[in-house]
A.B. asks: 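For reference, the structure I am asking about is given below.
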Amino acid sequence: MFEVAVVGATGYAGGEVLRLLTAHPGVRVRTVTAGASAGSTLGEHHPHLHSLAHLVVSPSTVENLLGHDVVFFALPHGASGELTAQLEAAGFDGVAIDCGADHRLTSAAAWEQWYGGTYPGAWTYGMPELLHAGEATAKEQRAALRATKRVAVPGCNVTAITLAFQPLLDLIDPAALTAVLAVGYSGAGKALKPHLTAAEALGQLAPYAVGGAHRHVPEIEQNLAVAGAKRPRISFTPVLAPVSRGILATCTAPTTASTEQLHAAASAAYASEELITVLPPGQWPSTAPVVGTGRAVIGVGLDERAGRAVAICAIDNLGKGTASAGIQCMNLTTGQSESTGVPLIGVAP
């Protein structure tokens, strides 16, 4: 049994990591930590986690994290880098998995431009299905994850867009990519803000970070470059939708390929992927079937009149978009079966 600590345990991402860990046969949650909520019990924040409700939330200090086999960080961007640096300096030899943004970008200049502050450094990128240029399957990324103890889990929007576009890169123009995402409100975090209250959110669709302002843009382009795109450029617009969970990413790009060619490329890339389903031609995904799971469902087609490939990807932003991706990576770094503890069946209706 691997002993696990979760930092930022009282937030949405931390709660989802804990939910999945409670059903994982190879781990035991020993410690939960947070900032302002330290001293309370976990059950006060996540009453659905009844088996862990008795745990007292500890302060997020290095002393409370040393001695664990695995530590998950579920913190806002800019919050984990300092703590992970302290943990490294203290000689932590376990697996560290950051569900935040601090260790995703491989370029210090990109970090400074999009996030600011001290560059925390890049860790092994936590998308097991990320294709490398020329690969038919994602062998190289999985090999890197099996060999590391430091993992940066991708952004949720990044995951949906990367999975939609990467198998099609030889058939589309990567310099003219567009993506419009409907995103559930849990993606905005648990902190109370006026525009996130029910009175403001219910019955409304609200775009944000419009005009290339979203911090996930460099990460998306970084991934597509790894997958073989030369100078990829994306126009990405997220839209808050009045649901708790889910991302529906509609991704388009210029193409001269046929529907059959586009669908064949996506199907071949993901044929061996347990957690990714490519729907038959003419079928399109929706978010409800993937809520609560670690799956991604993709539909691929052609807007013939406009000459654009269309790829739509549905994920749970807290599942495949965050926590279940972290569990996948933990399994790879600790020598367990990759999908152990990753929910595959959704809840309906």
Side-chain angles (χ1 to χ4, degrees), residues 99 101 103-107 110 114 122-142 144-145 151-183 187 212 214-238 246-253 262 265-270 273 275-278 285 290 294-300 309-322 324-326 328-329:
C99 294
H103 297 287
R104 295 171 185 163
L105 296 183
T106 57
S107 165
W114 292 87
W123 287 359
T124 305
Y125 197 69
M127 183 183 288
E129 302 90 353
L130 180 63
L131 297 171
H132 288 233
E135 280 191 320
T137 58
K139 293 181 180 179
E140 189 170 340
Q141 196 63 28
R142 285 188 165 94
L145 286 165
V151 177
V153 175
C156 55
N157 299 307
V158 179
T159 295
I161 294 171
T162 300
L163 294 179
F165 273 137
Q166 66 171 0
L168 309 180
L169 289 176
D170 289 340
L171 302 172
I172 61 177
D173 180 358
L177 307 175
T178 64
V180 178
L181 278 65
V183 182
H214 200 289
R215 289 186 174 99
H216 284 174
V217 167
E219 188 184 343
I220 296 165
E221 294 180 350
Q222 174 180 286
N223 286 356
L224 297 179
V226 169
K230 290 181 171 51
R231 294 181 293 279
R233 287 294 179 268
I234 187 165
S235 176
F236 156 46
T237 306
I247 291 178
L248 190 68
T250 301
C251 306
T252 72
L262 294 166
S267 298
Y270 297 133
E273 295 293 350
L275 301 177
I276 302 177
T277 300
V278 178
V290 298
R295 297 176 58 234
V297 180
I298 298 171
V300 180
V310 180
I312 299 180
C313 179
I315 63 170
D316 183 338
N317 55 291
L318 292 177
K320 181 59 178 165
T322 307
S324 73
Q328 273 185 272
C329 294

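The chain is numbered in sequence order, starting from 1. Quantities reported herein were computed from a predicted structural model and do not represent experimental measurements.
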A.B. asks: With rounding to the nearest 0.5 Å, note down the distance linking OG1 in T137 to CZ in R142.
C.D. replies: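 Result: 8.0 Å between the selected atoms.
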A.B. asks: Do Q141 side-chain atoms and Y125 backbone N/O form a donor-acceptor pair below 3.5 Å?
C.D. replies: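 Yes, because the side chain of Q141 sits within donor-acceptor range (under 3.5 Å) of the backbone of Y125.
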A.B. asks: What are the two closest heavy atoms between N317 and G246, and how far apart are they?
C.D. replies: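 For N317 versus G246, the nearest heavy atoms are OD1-N, 2.7 Å.
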A.B. asks: Would L181 and T237 satisfy side-chain contact (heavy atoms from CB on, under 4.5 Å), going step by step from the backbone distance to the final call?
C.D. replies: CA-CA 6 Å; L181 278 65; T237 306; over 6 Å; no
A.B. asks: List the steps and the verdict of side-chain contact (heavy atoms from CB on, under 4.5 Å) for R295 and I315.
C.D. replies: CA-CA 6 Å; R295 297 176 58 234; I315 63 170; over 6 Å; no
A.B. asks: Within this structure, what is the CZ-CG distance for the pair F165 and N223, rounded to the nearest 0.5 Å?
C.D. replies: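 Spacing of CZ (F165) from CG (N223) equals 13.0 Å.
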A.B. asks: Please report the shortest heavy-atom distance between G326 and V153, naming the atom on each side.
C.D. replies: CA-CG2, 3.8 Å
A.B. asks: Which heavy atom of A133 sits nearest a heavy atom of G228, and at what distance?
C.D. replies: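 Looking at all heavy atoms of both residues, the shortest contact is CB-CA, 3.7 Å.
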A.B. asks: So, taking the atom named CG in L275 and the one named OG in S324, what distance separates them when rounded to the nearest 0.5 Å?
C.D. replies: 7.0 Å
A.B. asks: Does any part of the side chain of C329, heavy atoms only, come nearer than 4.5 Å to the side chain of P128, both counted from C-beta?
C.D. replies: yes
A.B. asks: Write down the atom of A253, the atom of D173, and the distance for their closest heavy-atom approach.
C.D. replies: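 Answer, listing the atom of A253 first, then D173: CB-O, 4.2 Å.
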A.B. asks: Looking at CZ of R104 and CH2 of W114, how far apart are the two atoms once the value is rounded to the nearest 0.5 Å?
C.D. replies: 14.0 Å
A.B. asks: I need the minimum non-hydrogen distance between A266 and P167, along with the two atoms involved.
C.D. replies: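 Looks like CA-CB, 3.8 Å.
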A.B. asks: Do P218 and L105 have side chains that approach each other closer than 4.5 Å (heavy atoms only, starting at C-beta)?
C.D. replies: yes
A.B. asks: Can you tell me which residue pairs pass the salt bridge (Lys or Arg N to Asp or Glu O under 4.0 Å) test with a partner in residues 222-236, sequence neighbours excluded?
C.D. replies: E221-R233
A.B. asks: T322 and C99: which non-hydrogen atoms are nearest, and at how many Å?
C.D. replies: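 Nearest heavy atoms, T322 then C99: CG2-CB, 4.0 Å.
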A.B. asks: According to salt bridge (Lys or Arg N to Asp or Glu O under 4.0 Å), does anything in residues 129-139 pair up with another residue at least two apart or in another chain? List the pairs.
C.D. replies: E129-K320
A.B. asks: Is any side-chain heavy atom of C156 closer than 4.5 Å to a side-chain heavy atom of I247?
C.D. replies: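 Of all side-chain heavy-atom pairs linking I247 with C156, at least one is under 4.5 Å.
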A.B. asks: With a 4.5 Å heavy-atom cut-off, do M127 and P154 have their side chains touching?
C.D. replies: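 Yes; the side chains approach each other to less than 4.5 Å.
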A.B. asks: Taking side-chain hydrogen bond (donor to acceptor under 3.5 Å, both in side chains) as the test, write out the residues that go with T106, two or more places apart.
C.D. replies: Q222
A.B. asks: Checking side-chain polar atoms at under 3.5 Å, does T178 have a donor or acceptor matched by the opposite partner on S235?
C.D. replies: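 Note: T178 and S235 side chains miss the donor-acceptor criterion.
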A.B. asks: Out of curiosity, C251 SG to I161 CD1, how far, rounded to the nearest 0.5 Å?
C.D. replies: 5.5 Å
A.B. asks: With a 4.5 Å heavy-atom cut-off, do I298 and L163 have their side chains touching?
C.D. replies: yes
A.B. asks: If I take atom CG from residue L168 and atom CG from residue L177, how far apart are they, to the nearest 0.5 angstrom?
C.D. replies: 10.0 Å
